[in-house]
Amino acid sequence: MLVTLVDHAIATVAWEANGRKPCLTITLDTQFIAAVRPGVFVESRARVSGRTSSLMFMPGIVTVAGDTVLTASAVIRLFSAPLSTIAGT
């Protein structure tokens, strides 16, 4: 669940940074730092650390009460048109 959460946070930030155009996660590396107990509030954040015309490089973090429980690093593929247009469907 934590990896899904950080992937969603990264993808949402990438989508906004790409002008709400489609994005695709190419790689997602995660490091588990600590366990998370059931029922606690978990927060995830992401940011853009670098960008080319077709790729975005993004770190992400998951925290509980301000303590890091997971770190992540992603490479995101950027598209300039809707995927249906690109795929020809």
Side-chain angles (χ1 to χ4, degrees):
M1 297 271 311
L2 297 177
V3 175
T4 300
L5 177 64
V6 77
D7 184 40
H8 184 72
I10 288 170
T12 301
V13 171
W15 180 69
E16 284 288 342
N18 195 37
R20 296 189 171 200
K21 295 181 188 120
C23 302
L24 178 71
T25 303
I26 294 177
T27 64
L28 178 63
D29 297 319
T30 57
Q31 298 78 40
F32 292 90
I33 309 299
V36 176
R37 296 189 185 280
V40 300
F41 181 76
V42 179
E43 184 177 357
S44 185
R45 295 178 186 230
R47 66 180 180 84
V48 178
S49 64
R51 182 180 186 147
T52 68
S53 61
S54 62
L55 298 174
M56 199 175 289
F57 305 93
M58 304 183 67
I61 190 169
V62 176
T63 60
V64 171
D67 296 326
T68 300
V69 295
L70 181 140
T71 61
S73 177
V75 177
I76 306 294
R77 171 72 162 93
L78 306 175
F79 297 95
S80 58
L83 290 179
S84 60
T85 304
I86 297 167
T89 58

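None of these values were measured; they are calculated from a predicted model. Below, each value reflects all heavy atoms present in this structure, side chains not excepted, and no hydrogens, waters or symmetry copies.
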Set of residues satisfying side chain to side chain donor-acceptor pair (under 3.5 Å) with respect to [X], sequence neighbours excluded:
| X | answer |
| --- | --- |
| Arg51 | Asn18 |
| Thr12 | none |
| Arg20 | Glu16 |

Separation of Glu43 CD from Thr63 OG1 (nearest 0.5 Å):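 One gets 4.5 Å once the value is rounded to the nearest 0.5 Å.
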May I have all residue pairs that pass side-chain hydrogen bond (donor to acceptor under 3.5 Å, both in side chains) and include part of residues 22-32, sequence neighbours excluded?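 Qualifying pairs: Asp7-Thr25, Gln31-Thr71.
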Considering only Ile, Leu, Val, Met, Phe, Trp and Tyr, and joining two whenever side-chain heavy atoms are under 4.5 Å apart, list the other residues clustered with Val42.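 Traced through the cluster, Val42 reaches Leu2, Val3, Leu5, Val6, Ile10, Val13, Leu28, Phe32, Val36, Val40, Val48, Met56, Met58, Val62, Val64, Val69, Leu70, Ile76, Leu78.
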Please report the closest heavy-atom contact between Phe79 and Lys21, naming both atoms and the distance.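 The pair with the smallest heavy-atom distance is O-CB, 3.4 Å.
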Under the side chain to side chain contact (heavy atoms under 4.5 Å, CB included) rule, collect the residues that match up with Leu55, sequence neighbours excluded.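 Leu55 satisfies side chain to side chain contact (heavy atoms under 4.5 Å, CB included) with Ile26, Thr52, Phe57, Val75, Arg77 only.
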